[in-house]
Amino acid sequence: MQAIILAAGMGRRLGEYTKDNTKCMLPVNGVRLIDRLLSQLSKLELNRVVIVVGYQGQNLIDYIGNRYDGQLKIEFVENPIYDKTNNIYSLALAKDKLQEDDTLLIESDLIFDDGMFSLLTENPYPNLALVAKYETWMDGTMVRLDADNNIVNFVPKAAFDYNETDSYYKTVNIYKFSREFSQTKYVPFLEAYSKAVGNNEYYENVLRIISFLNSHDLKALPITNEKWYEIDDKQDLDIAEALFADEKDLLRKYYGRFGGFWRFPKMLDFCYLVNPYFPTPRVVDEMRANFQTLLTQYPSGMKVNTIIASKCFGVSEDYIIPGNGAAELIKALMETRTNFTNSTNKIGIIRPTFEEYPNRLPKERLVTFIPKDNTYRYSANELMDFFGVNPVDTLLIINPDNPSGNFIPKTDLLRLCEWSKKKGFRLMIDESFVDFSENWENNSLLHDELLEKYPQLIVMKSISKSFGVPGIRLGILASADKEIIAHLKKQVSIWNLNSFAEFFMQIYNKYEKDYKTACGKFLKERADFEKQLRSISFLRVMPSQANYFLCEILPPRTANEVVLYMLKHHNILTRDCSNKPGLDDKQYMRIAVRNHEDNLKLIEGLKGLAQSGHDNR
């Protein structure tokens with residue numbers, strides 16, 4: 001058996017990364033694609049490796065040099081008109097070699113698990129195409145399969161239909177051709193196709209013609225959990241570096257993305273904190289029905305969106321401001337010309353907490369309360385005792401808190417409101433997770449009468465969390481302090497909301513009953529999930545009124561070990577919180593609550609780790 005690698009392309013979409021080298025010279029986490037590929041091929045019993053070069057071909061030839069002598073016999077074929085042709089011509093240049101042996105045909109811009117080649121070499125079928133079930137990141141040639149995994153049709157880009165994606169598989173661009181297939185089928189059709197259509201085509205088009213003839217010569221081999229990626233542009237490179245990161249860099253590569261995990265569709269994200277039961281299919285259907293209008297027309301400005309937010313959340317227009325996520329409002333609030341920017345004023349915080357607020361301020365202005373309880377519970381009385389002797393100008397409370405899940409009941413919050421009013425300082429309550437608390441319908445402070453009674457009160461709410469719509473970027477801030485509200489409205493853009501966020505607020509009230517049902521369903525699921533988590537021998541689970549649990553990882557295990565194991569072996573991402581300010585020197589992780597099916601997968605993974613004695617260290 002031999003391998004033929006197509007490496008003549010220019011890789012224009014990679015910009016400066018391929019200015020002086022072809023794509024296969026691209027380093028991914030410090031290892032060039034060509035080195036990774038040749039290293040994988042060196043573990044097979046191959047008679048030779050043929051590399052078709054073109055753009056910056058001499059650089060590639062010089063780089064490879066004799067470094068693989070004794071491991072691989074490497075030959076080169078040159079495509080001198082790489083800039084005027086496509087990969088059908090590159091393969092045609094190697095057609096004589098293609099007919100001399102059974103062949104692994106590989107495109108050089110791929111990165112994949114070491115085990116991918118064994119899928120082909122150990123399979124008895126002589127002619128195989130590795131394929132993967134269609135996912136949203138995939139581009140290029142798709143195929144359809146019959147019940148016996150025969151390729152019945154190749155679907156080129158021009159014929160791609162998003163309504164048919166459930167039946168599509170993407171070619172991984174790794175093939176196994178027998179010598180007989182190359183001699184009797186592929187090369188004759190390749191020659192005829194090139195003569196009739198030209199050289200600026202793709203070699204897959206020849207396979208498409210063969211499949212049209214109802215030939216079952218070429219079968220598909222669907223991969224399952226094997227990792228692979230095709231690197232065509234800078235974004236592909238970024239994703240590939242996360243997928244194939246070294247263990248020491250793996251979590252940093254994922255955590256540093258701050259979302260966007262829909263690009264990894266097989267991964268279960270137990271970091272992101274959203275409602276697993278809302279929006280319902282009815283809400284999604286209505287938004288989908290209006291997708292084209294929302295995509296192609298401007299959203300309303302701040303004035304109209306304030307009216308819609310007022311209607312949606314039941315707060316006076318004068319007291320509310322919608323934002324492009326709570327993050328926009330947090331930034332604007334912490335930079336207002338109020339006591340937040342006065343360098344002498346002190347801000348009270350409770351740690352561990354959501355760091356977006358304290359990160360906006362110098363450390364010397366923070367007055368920090370850390371609970372003494374080993375589950376990080378704290379009460380309104382404890383806060384009044386502490387900040388009574390450590391005075392502040394503003395006290396910030398996340399309720400329920402993140403990551404502890406601590407919850408202060410509304411009656412106690414109102415005592416804090418009275419206390420802060422008497423003391424003359426501002427009270428900020430972030431209630432982004434309050435709809436996950438028991439008796440949630442009565443726990444919010446978003447009511448005009450409360451805001452008017454306590455003008456020093458500011459209430460923040462991220463709509464992403466409890467409403468399960470992080471992609472539309474929506475948050476609200478409310479206060480009867482009209483001066484702050486007016487100032488914030490000047491701070492943010494007049495078009496700070498996109499049309500999808502505006503439309504969601506417009507239609508939400510029709511689905512309030514569904515939302516209440518979803519929140520009730522969540523409470524039952526959280527109770528069951530907590531019981532399951534407590535059955536894991538190495539977890540100490542903190543009580544929570546939010547949609548996540550803070551868990552101590554008991555010795556000898558570490559949070560890093562558990563998080564890495566779950567990601568590497570189950571493709572489940574969880575959060576290592578061990579270094580979060582305010583936590584002691586023990587090991588902690590935060591685990592979100594998802595739907596029942598997903599939660600069971602996580603529990604099964606954790607139980608597997610508990611029973612295996614696995615150690616990543």
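Everything numeric in this text was worked out from a predicted model, so none of it was measured.
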Are Arg360 and Glu355 ion-paired here, with the side-chain N under 4.0 Å from a carboxylate O?
no

Would you mind reporting whether Met302 and Lys489 have side-chain heavy atoms less than 4.5 Å apart?
yes

Say whether Thr353 and Asp401, considering side chains only, have a donor N or O and an acceptor N or O under 3.5 Å apart.
yes

Below 4.5 Å, heavy atoms only, C-beta onward: do Leu564 and Leu250 meet side chain to side chain?
yes

Tell me, do Ser464 and Arg473 make a side-chain contact under 4.5 Å, heavy atoms counted?
yes

Would you check if there is a donor-acceptor pair between the side chains of Asn21 and Tyr17 at a distance under 3.5 Å?
no

Do the non-hydrogen side-chain atoms of Asp448 and Val315 ever get within less than 4.5 Å of each other?
yes

Are a donor atom and an acceptor atom from the side chains of Glu317 and Thr306 found within less than 3.5 Å of each other?
no

Do Lys227's NZ or CZ and the ring of Phe244 fall within the cation-pi criteria of under 6.0 Å and 45°?
yes

Carboxylate-amine/guanidinium proximity below 4.0 Å for Lys453 and Glu418
yes

Under 4.5 Å between any side-chain heavy atoms of Leu427 and Trp419, yes or no?
no

Check each of Lys253, Arg252, Lys568 against Glu247 using the salt bridge (charged side-chain N to carboxylate O under 4.0 Å, His left out) test, and report the only one that passes.
Lys568

Verdict with reasoning, Asp435 to Lys461, per salt bridge (Lys or Arg N to Asp or Glu O under 4.0 Å):
CA-CA 10 Å; Asp435 291 358; Lys461 189 179 184 73; 3.4 Å; yes

Sub-3.5 Å donor-acceptor pair from the side chain of Asn496 to the main-chain atoms of Val492, do we have one?
no

Near-ring test Phe433/Tyr548, centroid separation under 6.0 angstrom:
yes

Glu530 and Arg534 ion-paired at < 4.0 Å
yes

Ring pair (Phe, Tyr, Trp, His ring centres under 6.0 Å) test vs Phe522 passes for just one of Phe436, Tyr277, Phe467, Tyr515, namely Phe436

For the pair Asn443 (side chain) and Lys410 (backbone), establish whether a donor and an acceptor sit closer than 3.5 Å, ignoring hydrogens and angles.
no

More than 12 foreign heavy atoms under 6.0 Å from NZ of Lys423: is that the case here?
no

If we ignore hydrogens and angles and just use 3.5 Å, is the side chain of Arg590 paired with the main-chain N or O of Ser404 as donor and acceptor?
no

Do Lys531 and Asp528 meet the salt-bridge criterion of a basic N to acidic O distance under 4.0 Å?
no

Between Ile553 and Leu539, is the side-chain contact (heavy atoms from CB on, under 4.5 Å) condition met? List the steps.
CA-CA 5 Å; Ile553 309 303; Leu539 293 184; 3.4 Å; yes

What about Phe386 and Phe369, are their ring centers closer than 6.0 Å?
yes

Less than 4.5 Å apart, side chain to side chain, heavy atoms only: is that true for Leu497 and Met505?
yes

If we only count heavy atoms from C-beta on, is the Asp412 to Ser379 side-chain gap below 4.5 Å?
no

Salt-bridge test for Arg426 and Asp481: reply yes if a basic N is under 4.0 Å from a carboxylate O, no otherwise.
yes

Could you walk me through whether Arg526 and Glu438 pass the salt bridge (Lys or Arg N to Asp or Glu O under 4.0 Å) check?
CA-CA 11 Å; Arg526 181 179 63 198; Glu438 298 286 347; 3.7 Å; yes

So, for Glu552 and Arg540, which heavy atoms are closest and what is the spacing to 0.1 Å?
OE1-NE, 2.5 Å

Take Glu525 and Lys521, measure what salt bridge (Lys or Arg N to Asp or Glu O under 4.0 Å) needs, and give me the verdict at the end.
CA-CA 6 Å; Glu525 181 58 34; Lys521 189 174 181 180; over 6 Å; no

Start with the C-alpha gap between Glu16 and Lys234, add the side-chain angles, then the distance that decides, and say whether salt bridge (Lys or Arg N to Asp or Glu O under 4.0 Å) holds.
CA-CA 10 Å; Glu16 67 270 21; Lys234 297 177 182 180; 3.0 Å; yes

Considering non-hydrogen atoms only, spot the tightest contact between Ala592 and Phe529 and give its length.
O-CE2, 3.4 Å

Between Tyr565 and His570 (judged by ring centroids, cut-off 6.0 Å), do the two rings come close enough to count as a pair?
yes

Of all heavy-atom pairs between Asn345 and Arg365, which one has the smallest distance, and what is that distance?
O-NE, 2.9 Å

Within a reach of under 6.0 Å around NZ of Lys266, are more than 12 heavy atoms found that belong to other residues, nucleotides or ligands?
yes

Under the criterion side chain to side chain donor-acceptor pair (under 3.5 Å), I'd like the reasoning laid out for Gln235 against Asp238: C-alpha separation, chi angles, the key distance, then a yes or no.
CA-CA 5 Å; Gln235 179 180 300; Asp238 175 63; over 6 Å; no

Should Lys346 and Asp393 count as an ion pair when the cut-off is N to O under 4.0 Å?
no

